[in-house]
Amino acid sequence: MSTLRFYAIKQALNKKPIKIEENERRSALFGRNVFNEDKMRQYLTKEAFVSVMDAVLNGTKIERVVADHISTGMKEWAISKGVTHYTHWFQPLTGATAEKHDAFFEPIGNGRAIEKFGGGQLVQQEPDASSFPNGGIRNTFEARGYTAWDPTSPAFIYGTTLCIPTVFVSYTGEALDYKTPLLRALQAIDSAAVDVCKYFDKNVKKVNTSLGWEQEYFLIDRGLAASRPDILLTGRTLLGHSSAKGQQLDDHYFGTIPKRAMQFMRDLETECMLLGIPVKTRHNEVAPNQFELAPVYDEANLAVDHNSLLMDLMDRVAERHDFKVLFHEKPFKGVNGSGKHNNWSLSTNTGVNLLGPGKTPMSNLQFLTFFINTIKAVNENEELVRASIASASNDHRLGANEAPPAIISVFIGEQLTRVLDELENVTNGKLSPEEKTDLKLNVVGKIPEILLDNTDRNRTSSFAFTGNKFEFRAVGSTANCGKPMTVLSTIVANQLIKFKAEVDALIDKKGKGLKKDEAIFNVLREYIKKSKNILFEGNGYGEEWEIEAKRRGLSNYKTTPEALKAKISEKTIKMFEDLKVLNRVESISRYEVEMEDYVMHIQIEGRVLGDIARNHVVPIAVKYQNVLIENVSGLKEIYGDGFKKLAGEQMTLIEEISGHIASINSNVTKMINARKEANHIEIIEDKADAYCFKVKPFFDEIRYHCDKLELLVDDELWPLTKYRELLFTK
Ligand code: ADP
Ligand code: MG
């Protein structure tokens, strides 16, 4: 095995960056492989074009006859670009993307054939859904699943396949993917936000949710990654002693991007351009071999699709460059983990960012309305927000030894804190003309168009306001952004509906009704008072905040099984039902899928760790011990009784090695037994708890002794590629 390690290192050191030609401007490449507006104009009949655009902008249904025209146009475009197959592209709850390719080719008898792609094939397909996770939905309804075209996300060409973004639902209509509830949630917030916007501008017809994600990842030489069974099978290292040099010098962050990685990025960016993913930023991250990629923000549904597509693309491009991309939230112990910040905002069809301060007091009041409602929504649903980003892999990041913590809190900066303090003192009921003028001129009117304060952000907050958007930082690097976006949109929609009702009630009150702005000030004042617990400007990393958060009654779930329970509280189920985002069956089945996913992750990690510890580490330790024993007996042969003085160190080592081997063996046995017991548990909560609290704790024990052995055993013999080799080979 150690031969594999040294072979992989030697190979890695000899690898040269691949040459990447960039002959065309990026703007020319952008969207070339996307069936976007330009291509639709070119390839569709006028009627078909209008119909698609109407579906995209207003959510209208596309008639079946029109779908036939659209599919024909799409096919012609695709064939002109050398495409032979098409697929419905969707995001099942496995976390990966799924596709099943069918050829356009169709024999028509008499030895002849044509290329065919009908409206029916565009609009709906029935993949064999039985092997996708569904959490009991299929058992209950014995439903088959089908995929249905989502015209709001344009079709694209990847390789020689035309990919059609679709939702994935059961035959009885239950969502089996991430996209379906996201689309419903985006609809809910659109309608709720439009209603509230009407207080400020009657012309607002649509509110779009925007998402800008920032993808962090590690790039490891493919050969080196393959030499580690843990990376290969679990995406992270389950053991490995920390490198003598880690990230403490901060010399990687924003430093020069290593050459091989740079070529990978350029290649990847070209692919992104062709697919219309507007990537803009690339840089090194905190840890060695860690990087970040971010696009310009986009409409949320499209941005979620783009992120899923990007992760897929990264895997494929990395292969060309002999890299392996690690998306795991914590691939290396003691080294900075990876997240995926979700920058979130709302904008109107009239071009106003509802989370950006404006030029006039009235537009600032609108901003404050959405700003405060968001804070209140997060305050009241902090457990659900935490649940939306829970996963076995993100547990290593949240609440472990790094920021952000598992506690959800909102950072808003000094300037806005001051504004909220002022608003909190607004008079109850009618406002005097003086107070109104004062509020408009000196409070609302004083919010600067650009919030400078927020550029100096608090990096430890899980949910931070950053000038014209909220940045949800606790999202994990492996996550499908659809999950947090669905929750965020739903809770804010729910809050905006309540807000509208409360304001209307104050305005309508017979006789002593308030003016619109008075009513808004009154409601916001109460919201500020009620939402104080969630606001936190201090350092979110460490025990002090944990104690304070506990005092405030904020949750601090450090493990997924604990965090996920918020997904099936009556409050959550009802809210999702009321807003038609998820029905009860869907909520519960999703929860089950995620709990099962957690169990499977820990189960696999346990198996891999047991295997590596027993079959790789222990045998090598024994081998090295034998070398020492031989040495000691040799010394004894030569020096007789005087050998003890010469062999003392070796004998201590022999004993230490025996000690670690014994601990590894006994802990692996205990872990296997705990696993067996857990596997017999039927109820998913109990099973997940058993894996979390009875199985997983052995990981640290086993790892500790393996890592100690790594320090004792001859480097020549050590079978597992070491941290320094994985992290510093460029
Ligand atoms: P960083 O957080 O790394 O300093 P930025 O704050 O500049 O980077 O931007 C991060 C992401 O936020 C980018 O994807 C950017 O397009 C996105 N973003 C900027 N403005 C908005 C907005 N109004 N709504 C949503 N996302 C936005
Ligand atoms: Mg950011």
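Atoms within a ligand are numbered from 1 in the order they appear, just like the ligands themselves. Remember, predicted model here, so these are calculated numbers, not experimental data.
Aromatic ring pairs are classed by plane angle as parallel below 30°, tilted from 30° to 60° and perpendicular above 60°; the pair Phe536 and Trp545 is parallel.
Here's the thing with Ala294: none of its N/O atoms is less than 3.5 angstrom from an N/O atom of ligand 1. Between Lys469 and ligand 1, at least one pair of N/O atoms sits closer than 3.5 Å. Between His341 and ligand 1, a contact under 3.5 Å exists for no N or O pair. Inclusion of Ser210 in the set of residues having an N or O under 3.5 Å from an N or O of ligand 1 is not warranted.
Salt-bridge formation is detected for the pair Arg418/Glu414: a Lys NZ or Arg NE/NH1/NH2 atom is positioned less than 4.0 Å from an Asp or Glu carboxylate oxygen. By the 4.0 Å N-to-carboxylate-O rule, Lys376 lies close enough to Glu380 to be salt-bridged with it. With salt bridges taken as basic N to acidic carboxylate O contacts below 4.0 Å, one links Arg386 and Asp395. A salt bridge links Lys558 with Glu546: the closest approach of a Lys/Arg side-chain nitrogen to an acidic carboxylate oxygen falls below 4.0 angstrom.
The nearest pair of heavy atoms linking His306 to Trp213 is C-CZ2, 4.0 Å. Taking both residues in full, the closest heavy atoms of Phe264 and Met314 are given as CE1-O, 3.8 Å, listed atom of the first, atom of the second, then distance.
Side-chain contact check for Thr180 versus Phe168: every heavy-atom pair is 4.5 Å or farther apart.
Residue contacts with ligand 1 leave out Thr466, since none of its heavy atoms falls under 4.0 Å from the ligand.
Near Asn468, with a cut-off below 4.0 Å to any heavy atom, the atoms of ligand 1 are 23 (N). Of all the atoms in ligand 1, the ones that sit under 4.0 Å from a non-hydrogen atom of Val296 are 16 (O). Near Pro295, with a cut-off below 4.0 Å to any heavy atom, the atoms of ligand 1 are 13 (C), 14 (O), 16 (O). Listed by number with element, the atoms of ligand 1 under 4.0 Å from a non-hydrogen atom of Gly212 are 14 (O), 26 (N). Using a 4.0 Å cut-off to heavy atoms of Asn353, the atoms of ligand 1 that qualify are 23 (N).
At a heavy-atom distance under 4.0 Å, no atom of Lys280 approaches ligand 1.
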